[in-house]
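Data block below; observations after.
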Amino acid sequence: MSKNDNQQGQAITYTAAHWGLYEISQSMTENMTIGPYRHDPNPSDIGRYLNHPQVEALRVQKPAIRKGWLDQQQGKPSAPRGGDEYIEVSWDTALDYAADALRKVKQQHGNQAIFGGSYGWSSAGRFHHSQSQVHRFLNSFGGYVRSKNSYSLGAASALLHWLVMPMKDLMESHTDWKTMEKHCELFLSFGGSKYQNAQVSTGGTAEHRTRGGLNAMHNAGVRFINVSPVSDDIETGGNVEWLPIKPNTDTALMLALAYTLWKHDLHDRDFIERYCVGYSEFERYVTGETDHQPKDAHWAAAITGLPAERIEQLAFELSSHRSMINMAWSLQRADHGEQPCFALITLAAMLGQIGLPGGGFAFCYGAENLLGSPHKHVFGPTLSQGKNAVEHFIPVARIADMLLHPGEHFTYEGKTYQYQDIRLIYWAGGNPFHHHQDLKRLSQAWQRPETIITNEQYWTPAAKMADIVFPATTTIERNDIFYAKREPIIAAMKQAKLPEGQAWDDYAIFAALSERLGIAEQFTEGKTADEWLEHLYSHWRQALKEQEDFELPDFATFWQNNTADMPHSDDPVIMLEAFRRDPDANPLKTPSGKIEIFSQSIADFGLQDCPGYACWIEPHEWLGSPKAEQFPLHLISDQPKNKLHSQLDHSPHSRKDRINGREPIYLNPQDAERRGIMHGDLVQVFNERGRCLASAVPSETVRQGVVRLSTGAWYDPQHWHNDQGEWLEKHGNPNALTADVPTSSFAQGCTAQTCLVEVQAWKGESLAVTAFDLPSLATETDHHQS
Ligand SMILES: Nc1nc2c(c(=O)[nH]1)N[C@H]1C(S)=C(S)[C@@H](COP(=O)(O)OP(=O)(O)OC[C@H]3O[C@@H](n4cnc5c(=O)[nH]c(N)nc54)[C@H](O)[C@@H]3O)O[C@H]1N2
Ligand SMILES: Nc1nc2c(c(=O)[nH]1)N[C@H]1C(S)=C(S)[C@@H](COP(=O)(O)OP(=O)(O)OC[C@H]3O[C@@H](n4cnc5c(=O)[nH]c(N)nc54)[C@H](O)[C@@H]3O)O[C@H]1N2
Ligand SMILES: [Mo]
């Protein structure tokens, strides 16, 4: 038996998903099974359903064109996007239509009328990464309007490079779990540290570490305190103190902790002096010198709903222990989401433990498995996206604004830019009808462009809102390379089954379009997909040899062996350790080279909604605002446990969490009782923006005044268009309710976590969930006959 066989003598190959590395076993007599990588200490089950019949049932089988769009091409009256019929056509027909539409828009309006969308997680694997593929294709075609930053970290990515370091470096340099276990004494978290979220790591993982890391810290005697509107977003195997804060008020709490440190002279003056700039500006604000409002514990208690004594005591506890202050990313997906980031850095700087093992700040253990990895960081193989000849961009969450308001201006990191007039959108590897806020507004914006093209694997809501849908292969239907940051190994991802229906790889789709558009040479460089894999690997291998003095096996050996080891290091990873050791030799990339508690650069932008230091600015809606009289519940829409965003929502693993086919909404038992709502009841969740249905679950895990409805339920509107009747989402998608409002004019990030709603028992007619129905499909000949 070779090392690539399992005990039954079946051949083992590997595949990777963002949920981990998986082993695929296959024999002549048995079907394919997908199981966890045998050395993964805490594998995720999400990826085991990649080939489940319920998943495959929703595959896009053939290229399809929306009937209304075809009618429009022929000058006939036409139906709008959403709920329309699709005509299945040959690859040649679909490619010809798409190439014509691209050519026409370029000729008539220029490349700045094309939006290369594709924000989204697409799939693991270094070559068949659909975002990279579509961007490379559009760059070969003369460029496109792009998007910057992410829904994940809109505020933080724009802000943190001014204060401490780029978000990317920060994520890669988190102190490792072993060091945390050894040195940390108090782990204070804002928004928990969910190992369920750390099932996910960009590109995959061979080693899920977060659950083990938290358990080991607990066993080593670390104390955990969780500041969160929900109690169960950190599980350590032991006791966690819960401070049930009102959502979106963490900045006020952090300011009061800072105030208390100042008042009792507990702040580390030496650290502040040596490693920071701008503390005195902040001190004048926090003490009330600038606005006559000391940010003391009583002030914060009234805002946060936490007792003033506990706040004061917490400041003492932090300063008398080796303390790590952890903050979930969700806190900055909120109105003025820059402020908790600012406050986190400020508070950690005042405590003076940044750069010490087990102390300082973290952002965020639990958000992804990468954070806390002990493995050495070396760069990975990358497909060049080429050069974009169009300079225009949007901050990613401003998509609906751009489509609805072409020509208008927006600001970003202190500069002013203009929204372009978008005529064509090409999307591959993301789901805007999952990720965007206020989906009713997005549906309206989505009617604007002349043509929307997408490559998709499944009939997702985004596919059902596109004009030309190309069927794309899934990871298990193609060869690729698994590499992710700070992982112990890389792996050969081998095709395990034939493509479903007529699906093609994204690369093949773009290669065929390139052929028609006369840009094949730029896009493909004459290589097949497998030739690209070898090319990327060999170049990378060479670069590692030169820059890291590390030698990987040659490609053929790697492919034969299935895996290869990455370089190993026994040195602990301690965030900002080098900076602390010698700040002159290892300055930060900030304007001053130090931690900026006050940023002169940001202050100079003169923005009311994002001044130069951490401050409390009321969100446009929250439990303390007048609007709470009408909509008294704060909606938290967190990451779903058993899938990644909307991916595999149709798998049995995700569907088992549903109650009567709908997403559960958790609410405090007292809030439920007041509304006469019982476990499993069908409820409507609503505000002035929208309405959705969900199944109620009264639970002590959520604070009073808070409801939790996880993201990911495929968008399922009762009517796709406003003129058909009142708008209602039937499946439990929280973005039916969220506001499409930016964090601030500085970062323009998404603010999904700032959202008030009301919940009532649903008395209307019972409405079937249709999210997992295929659209109405006709064949080309049917269409010609009609
Ligand atoms: N209310 C609320 N909204 C949120 C959030 C929140 O906390 N609350 N979180 C936000 C965050 S952090 C994020 S990152 C976004 C995530 O938003 P997205 O990343 O857009 O969501 P996904 O569901 O992962 O979408 C990926 C899509 O790519 C497709 N796909 C996968 N592999 C391939 C491939 O190989 N080829 C092609 N062509 N397609 C492929 C999948 O079928 C799927 O439709 O959502 C954001 N939205
Ligand atoms: N299984 C799974 N894992 C995932 C993902 C997924 O879709 N599924 N998505 C991945 C992606 S793209 C990202 S960006 C990360 C996101 O990582 P995060 O943003 O850290 O995760 P969330 O689950 O959105 O939120 C974490 C917790 O923050 C709490 N919270 C919300 N608002 C507030 C607040 O105002 N104050 C406080 N103190 N707490 C608050 C919520 O109760 C929630 O439990 O997760 C990644 N991991
Ligand atoms: Mo994200």
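Below, each value reflects all heavy atoms present in this structure, side chains not excepted, and no hydrogens, waters or symmetry copies. Residues take their numbers from the sequence shown, with the count starting at 1. Ligands are counted one by one from 1 in listed order, and the atoms in each one are counted from 1 as well.
Side chains of Asp649 and Ser646: a donor-acceptor N/O pair is absent below 3.5 angstrom, by distance only. Neither side chain, Asp45 nor His653, offers a donor N or O lying under 3.5 Å from an acceptor on the other. Donor-acceptor pairing under 3.5 Å is recorded for the side chains of His208 and Asp40. Side-chain N/O atoms of Ser189 and Asn326 include a donor and acceptor closer than 3.5 Å.
Contact between Arg478 and ligand 1 is present, with at least one heavy atom of the residue lying under 4.0 Å from the ligand.
Of all the heavy atoms of Asn455, the ones lying under 4.0 Å from any atom of ligand 1 are found in both the backbone and the side chain. Contacts with ligand 1 closer than 4.0 Å are made by side-chain heavy atoms of Ala472 only, the backbone lying farther away. Of the heavy atoms in Asn431, both backbone and side-chain atoms come closer than 4.0 Å to ligand 1.
Taking the charged nitrogens against the carboxylate oxygens, Lys62 and Glu500 have no contact shorter than 4.0 Å, which rules out a salt bridge. At a threshold of 4.0 Å, the pair Glu729-Arg691 does not count as salt-bridged, since none of the basic side-chain nitrogens sits closer than that to a carboxylate oxygen. Under the 4.0 Å criterion applied to side-chain N and carboxylate O atoms, Arg486 and Glu207 are not assigned as salt-bridge partners. Using a 4.0 Å cut-off between charged nitrogen and carboxylate oxygen, Arg126 and Asp480 do not count as a salt-bridge pair. We find that Arg689 and Glu621 are joined by a salt bridge, their nearest charged nitrogen and carboxylate oxygen being less than 4.0 Å apart.
Of all the atoms in ligand 1, the ones that sit under 4.0 Å from a non-hydrogen atom of Thr460 are 44 (O). Taking a cut-off of under 4.0 Å to the non-hydrogen atoms of Tyr458, the atoms of ligand 1 that pass are 42 (O). Residue-ligand proximity, Asn735 to ligand 1, at heavy-atom distances under 4.0 Å covers atoms 1 (N), 2 (C), 3 (N). For ligand 1, the atoms sitting less than 4.0 Å from at least one non-hydrogen atom of Asp506 are 34 (C), 35 (O), 36 (N), 37 (C), 38 (N), numbered in the order shown with element in parentheses.
Protein residues having a heavy atom under 4.0 Å from any atom of ligand 2 are Trp121, Ser152, Phe190, Gly191, Lys194, Gln196, Asn197, Gln199, Val200, Val227, Ser228, Pro229, Val230, Asp233, Ile245, Pro247, Asn248, Asp250, Ala328, Trp329, Ser330, Leu331, Arg333, Ala367, Ile636, Asp638, Gln639, Pro640, Lys641, Lys643, Leu644, His645, listed by chain and number.
Checked against ring pair (Phe, Tyr, Trp, His ring centres under 6.0 Å), Tyr22 has no partners two or more places apart in sequence or in another chain.
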